[in-house]
Protein chains: 2
Amino acid sequence: MIDYGRFMIEFRANAYVWTQVRDELRQRILGGTYRPGQVVPSETTLVQEFGVARNTIRKAIAALREEGLIMTVPHLGSFVSERPAPGPSDPEG
Amino acid sequence: MIDYGRFMIEFRANAYVWTQVRDELRQRILGGTYRPGQVVPSETTLVQEFGVARNTIRKAIAALREEGLIMTVPHLGSFVSERPAPGPSDPEG
DNA sequence: ACCCATTTGTGCGTATGTATA
DNA sequence: TTATACATACGCACAAATGGG
C-alpha cells in the first residue's frame with residue numbers, strides 16, 4: 001500500500017505518501033471497516049501500521065476531516081461521521 | 001567511548017535532548033546514584049529537574065528500558081534492574 | 001466503601017530542524 | 001524556493017491503576 005521508496009515516488013510523481021494514506025483510510029471508512037461513530041485508530045497506531053511519520057498521518061487525517069468523513073476531538077481522537085459524504089474523486093491538493 | 005560490556009556509552013554521538021537525558025540517567029544507574037531495586041524518579045520529577053518535556057523524558061526512559069537497565073511498572077514507576085549494577089564504591093549498603 | 005494524590009499510559013496540537021526532490 | 005517527509009521537542013489534557021488515609 002505504501003510505497004515511500006524513492007523509486008515508486010519517481011514513477012508516480014503525484015502519489016504522495018500522505019495521499020495514499022488518505023485514500024486508504026477513506027476506503028476503510030466508506031467500505032465500513034471504520035464505522036460511523038467509531039473512533040479511527042490513533043495517530044500513533046497509524047504511524048506504526050503504515051510505517052510513516054506522524055506528520056504524514058496527520059496530513060491525511062486533516063484531509064479526511066476537511067472532506068467531512070471524520071471529526072476530530074482534541075485529546076480523544078478522530079471519529080467517523082454518522083453520514084459520511086462520498087469522498088471526492090481525488091482532488092490531489 | 002567507554003565499554004560497559006553490553007552497554008555501549010557513546011559520547012558526542014548525538015546532541016539531542018532525549019539522548020542527553022538518557023545518557024545522564026544511564027550514568028546515574030551505572031554509577032550507583034540509582035541503585036538496583038530502587039525506583040527511578042518519576043517522569044514529572046525528571047521533567048522538573050531536567051527542564052524538558054515529559055515526552056522527552058519518556059523517550060529517554062524507553063531507551064533505557066530497551067537496554068534492560070530499568071523496568072517500568074505502570075502506575076508505580078521505573079525501577080533499576082538488578083543485573084547492571086557495577087557500583088564503583090557501594091556506599092552504605 | 002470512599003476519596004485523593006501520584007504515576008504511567010495515551011492522545012492530540014503545535015513548532016522546529018533536517019533531508020530530499 | 002517550495003513541497004514532501006521524517007525526527008525531535010514542548011505543551012496540554014484525560015484515562016487508568018496504585019496506594020495511603
Side-chain angles (χ1 to χ4, degrees), chain A residues 1-25 29 34 37-81 90-93, chain B residues 10 12-26 28-29 34 37-81:
Chain A
M1 144 63 186
I2 297 298
D3 50 332
Y4 54 95
R6 311 301 189 231
F7 308 101
M8 295 302 291
I9 296 298
E10 289 180 1
F11 280 106
R12 300 177 57 198
N14 286 336
Y16 299 117
V17 175
W18 74 269
T19 64
Q20 297 176 55
V21 174
R22 176 202 60 190
D23 294 346
E24 171 62 23
L25 294 180
I29 293 173
Y34 302 153
Q38 285 189 340
V39 65
V40 176
S42 70
E43 296 179 356
T44 302
T45 300
L46 294 176
V47 163
Q48 295 172 350
E49 174 183 354
F50 288 97
V52 301
R54 185 183 165 216
N55 286 352
T56 303
I57 295 294
R58 287 178 60 79
K59 194 168 180 61
I61 291 289
L64 296 175
R65 184 167 52 240
E66 292 179 3
E67 294 180 11
L69 280 177
I70 61 176
M71 292 184 57
T72 300
V73 182
H75 310 298
L76 283 184
S78 294
F79 299 83
V80 180
S81 302
D90 217 280
E92 211 67 39
Chain B
E10 51 228 352
R12 294 287 82 83
N14 281 303
Y16 296 126
V17 176
W18 75 269
T19 63
Q20 297 178 49
V21 173
R22 177 202 60 189
D23 293 345
E24 171 62 23
L25 293 181
R26 189 196 290 113
R28 295 182 184 182
I29 293 173
Y34 302 152
Q38 286 189 339
V39 65
V40 175
S42 71
E43 296 176 356
T44 302
T45 301
L46 294 176
V47 163
Q48 295 172 351
E49 176 183 353
F50 286 95
V52 300
R54 187 182 164 214
N55 284 353
T56 304
I57 295 294
R58 286 180 60 78
K59 192 169 179 62
I61 292 289
L64 296 175
R65 185 168 52 241
E66 292 179 3
E67 294 180 12
L69 279 176
I70 62 176
M71 292 187 59
T72 300
V73 181
H75 314 117
L76 286 184
S78 292
F79 299 83
V80 180
S81 301

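Throughout, a chain's letter reflects where its sequence line sits, starting with A, and its residues are numbered from 1.
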Nearest-angstrom distance from the residue atom [atom1] of [X] to [atom2] of [N]:
{"X": "A:Arg65", "N": "C:dG13", "atom1": "CZ", "atom2": "C1'", "answer": "10 Å"}
{"X": "A:Arg58", "N": "D:dC6", "atom1": "CZ", "atom2": "C1'", "answer": "15 Å"}
{"X": "A:Leu76", "N": "D:dA13", "atom1": "CG", "atom2": "C1'", "answer": "9 Å"}
{"X": "A:Arg54", "N": "D:dC10", "atom1": "CZ", "atom2": "C1'", "answer": "11 Å"}
{"X": "B:His75", "N": "C:dT10", "atom1": "NE2", "atom2": "C1'", "answer": "10 Å"}
{"X": "B:Ile57", "N": "D:dG11", "atom1": "CD1", "atom2": "C1'", "answer": "14 Å"}
{"X": "A:Leu46", "N": "C:dC12", "atom1": "CG", "atom2": "C1'", "answer": "13 Å"}
{"X": "A:Arg22", "N": "D:dT4", "atom1": "CZ", "atom2": "C1'", "answer": "14 Å"}

With a 4.0 Å cutoff (strictly under), does any side-chain N or O of [X] reach OP1 or OP2 of [N]?
{"X": "A:Thr44", "N": "C:dT10", "result": "no"}
{"X": "A:Ser42", "N": "C:dG11", "result": "yes"}
{"X": "B:Thr72", "N": "C:dT8", "result": "no"}
{"X": "A:Lys59", "N": "D:dA5", "result": "no"}
{"X": "A:Thr56", "N": "D:dC6", "result": "yes"}

Heavy-atom check, side chain of [X] versus side chain of [Y], under 4.5 Å:
{"X": "A:Ile29", "Y": "A:Ile70", "value": "yes"}
{"X": "A:Asp23", "Y": "A:Gln20", "value": "no"}
{"X": "A:Tyr34", "Y": "A:Leu25", "value": "yes"}
{"X": "A:Ile61", "Y": "A:Thr72", "value": "yes"}

Proximal nucleotide (of [options]) relative to the [X] side chain:
{"X": "B:Val17", "options": "D:dA9, C:dG13, D:dG11", "result": "D:dA9"}
{"X": "B:Val52", "options": "D:dC6, D:dC10, C:dC12", "result": "D:dC10"}
{"X": "A:Ala53", "options": "D:dC6, D:dA9, C:dT8", "result": "D:dC6"}

- Item | A:Ser81 side chain vs A:Gly68 backbone, donor-acceptor pair below 3.5 Å |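 Yes; judged by distance alone, with no hydrogens or angles, the pair exists.
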
